[in-house]
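Mind looking over this structure? Questions follow.
The sequence lines fix the lettering, A, B, ..., with proteins before strands; numbering per chain opens at 1.
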Amino acid sequence: MLLLRYKSFLMANPTKYTIFKTKWGYFGLAAGGKGLLRTCLSCPTCKTAECHLLAGLHNPRFEKNLLKPLQDKIIAYFEGHPAKFATPLALNHLPPFTQNVLTACRKIPFGKTISYSQLAAMIGKPLASRAVGNALAKNPIPLIIPCHRVIRSDGSLGQFSACGGTKTKKKLLDLERKC
DNA sequence: GTCCCGTCCTGTC
DNA sequence: GACAGGACGGGAC
């Protein structure tokens with residue numbers, strides 16, 4: 001069902017993408033008609049980033065200067081400069097609960113962390129921490145939606161589904177704390 | 001520190 | 001519609 005919704009969304013919104021180099025490796029951005037669709041975080045090679053980014057996308061077209069201001073912000077971010085990513089996102093293909101979770105997650109300030117239960121409370125479902133974790137696991141736009149700022153209530157990191165796993169999550173948090 | 005159960009959403013059949 | 005699984009929380013031991 002969800003896959004069908006996602007496929008029809010992609011068919012209706014032909015995508016453009018770009019891969020660029022940052023201090024942490026190659027970063028990929030894919031955008032559809034209504035905004036940013038997907039990101040791929042600090043991959044070791046350009047090819048890996050491309051594979052992760054383009055899986056399942058309909059007829060993607062490479063565009064070197066796609067969302068250039070955002071590219072510059074991301075490069076600066078990995079060099080240790082605080083950044084706020086205000087780019088419009090295309091989340092319509094996701095279930096409403098997931099959209100709520102990801103939208104609330106965007107409000108977490110740079111360098112701050114909150115727990116899964118606090119994020120659950122922000123969307124009015126204080127007991128849905130586990131469901132919040134599920135929603136974050138489906139985050140197609142890591143970094144821009146800062147799901148790395150959501151940790152467990154006992155202070156441990158929890159999981160991270162983007163490229164690099166919990167190591168990347170820890171590195172991102174360390175980077176933001178140093179800024 | 002570990003176990004267990006409650007909670008709640010999603011995906012699959 | 002039912003059921004199982006999951007990036008969790010919190011109490012009991």
Side-chain angles (χ1 to χ4, degrees), chain A residues 1-13 22 24-30 32 34-44 48-49 51-58 74 77-78 83-85 87 89-178:
Chain A
M1 183 63 147
L2 182 65
L3 192 64
L4 204 64
R5 190 154 31 141
Y6 190 46
K7 274 188 180 171
S8 56
F9 174 82
L10 292 177
M11 295 286 276
N13 296 278
T22 71
W24 284 25
Y26 289 90
F27 195 101
L29 290 176
K34 289 183 180 172
L36 197 58
L37 261 180
R38 197 184 281 184
T39 60
C40 181
L41 202 56
S42 61
C43 290
T48 326
C51 282
H52 277 99
L53 188 69
L54 303 184
L57 290 186
H58 174 68
I74 292 167
Y77 174 91
F78 284 115
K84 191 172 182 208
F85 305 112
T87 315
L89 308 180
L91 300 173
N92 315 33
H93 57 289
L94 297 170
F97 178 82
T98 306
Q99 287 184 38
N100 285 343
V101 171
L102 297 182
T103 305
C105 187
R106 284 194 93 183
K107 293 176 187 158
I108 307 171
F110 183 94
K112 300 271 180 195
T113 56
I114 66 169
S115 69
Y116 290 94
S117 56
Q118 284 174 307
L119 186 58
M122 280 169 70
I123 58 166
K125 306 251 181 191
L127 299 179
S129 52
R130 180 124 201 185
V132 164
N134 277 349
L136 293 179
K138 295 182 192 75
N139 177 12
I141 315 176
L143 187 67
I144 309 302
I145 296 173
C147 59
H148 58 280
R149 294 177 194 150
V150 186
I151 60 174
R152 294 186 63 146
S153 60
D154 62 2
S156 61
L157 284 184
Q159 301 295 311
F160 192 60
S161 58
C163 201
T166 43
K167 276 187 187 172
T168 303
K169 185 171 185 173
K170 184 170 186 321
K171 274 172 73 181
L172 287 168
L173 291 174
D174 286 345
L175 177 75
E176 292 191 4
R177 278 172 191 149
K178 280 178 199 160

With sugar-phosphate meaning primed atoms plus P, OP1 and OP2, does A:Ala128 contact a base, only sugar-phosphate, or nothing at under 4.0 Å between heavy atoms?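 Sugar-phosphate: the residue A:Ala128, judged by heavy atoms under 4.0 Å, touches backbone atoms but no base.
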Among C:dG9, C:dA7, B:dT10, find the nucleotide with the atom closest to the side chain of A:Thr98.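 For A:Thr98, the side-chain atoms sit closest to B:dT10.
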Let me know the distance between NZ of A:Lys169 and P of C:dA7, rounded to the nearest Å.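 The distance from NZ of A:Lys169 to P of C:dA7 comes to 11 Å, rounded to the nearest Å.
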In whole Å, I'd like the distance from the CG atom of A:Leu119 to the C1' atom of C:dA7.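 The answer, rounded to whole Å, is 12 Å.
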Hey, what's the ring geometry for A:Phe78 with A:Trp24, parallel, tilted or perpendicular (30° and 60° as the breaks)? tilted
How is A:Thr166 classified with respect to the nucleic acid when contacts are heavy atoms under 4.0 Å: base, sugar-phosphate, or nothing?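 The answer is nothing, as A:Thr166 stays clear of every strand by at least 4.0 Å.
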Answer yes or no: is there a donor N or O on one side and an acceptor on the other, between the side chain of A:Lys169 and the main chain of A:Leu157, under 3.5 Å? yes
With A:Glu176 as reference, evaluate A:Lys112, A:Lys171, A:His148 under the side-chain hydrogen bond (donor to acceptor under 3.5 Å, both in side chains) test and give the passing residue.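 Passing option: A:His148.
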Charged N to carboxylate O under 4.0 angstrom, A:Lys178 versus A:Asp174? no
Should A:Ser153 be listed as having a side-chain N or O under 4.0 Å from OP1 or OP2 of C:dG10?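 So the side chain of A:Ser153 is within the cut-off, an N or O lying under 4.0 Å from OP1 or OP2 of C:dG10.
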A:Ile123 CD1 - B:dC9 P separation (whole Å):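 Going from CD1 in A:Ile123 over to P in B:dC9 covers 8 Å.
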Round to the nearest Å and state the distance from A:Leu136 atom CG to B:dC8 atom C1'.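 Spelled out: CG on A:Leu136 to C1' on B:dC8 is 14 Å.
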Provide, to the nearest angstrom, the distance between the OH atom belonging to A:Tyr116 and the C1' atom belonging to B:dG6.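 My rounded result for the distance is 19 Å.
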Does A:Arg152 place a side-chain N or O at less than 4.0 Å from the phosphate oxygens OP1/OP2 of C:dA7? no
Nearest-angstrom distance from the residue atom CD1 of A:Ile114 to C1' of C:dA7: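 After rounding, the reported distance stands at 14 Å.
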Main-chain N/O of A:Leu53 paired to A:Arg38 side chain as donor or acceptor, under 3.5 Å: yes
Starting at CZ of A:Phe160 and ending at P of C:dA7, how long is that distance when rounded to a whole Å? 14 Å
Are OP1 or OP2 of B:dT10 and a side-chain N or O of A:Lys138 less than 4.0 angstrom apart?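 It does not, given that no N or O in the side chain of A:Lys138 lies less than 4.0 Å from OP1 or OP2 of B:dT10.
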Calculate, to the nearest 0.5 Å, the distance between atoms CZ and OG1 belonging to A:Arg106 and A:Thr87 respectively.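 If we round to the nearest 0.5 Å, A:Arg106:CZ and A:Thr87:OG1 are 6.5 Å apart.
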Rounded to whole Å, how long is the line connecting atom NZ of A:Lys167 with atom P of C:dA7? 20 Å
5' priority, DNA chain B, between A:Ala135 and A:Ser129 [closest heavy atom]: A:Ser129
Mapping A:Asn134 and A:Ser115 onto DNA chain C by nearest heavy atom, which one lands closer to the 5' end? A:Asn134
Taking A:Thr168 for its side chain and A:Cys163 for its backbone only, find out whether a donor-acceptor pair lies under 3.5 Å.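 Such a contact is found between A:Thr168 side chain and A:Cys163 backbone.
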Can you run through DNA chain B from 5' to 3' and write each base as (, ), [, ], | or . depending on how it pairs? Watson-Crick or G-U wobble, both distances under 3.5 Å. ||||||.||||||
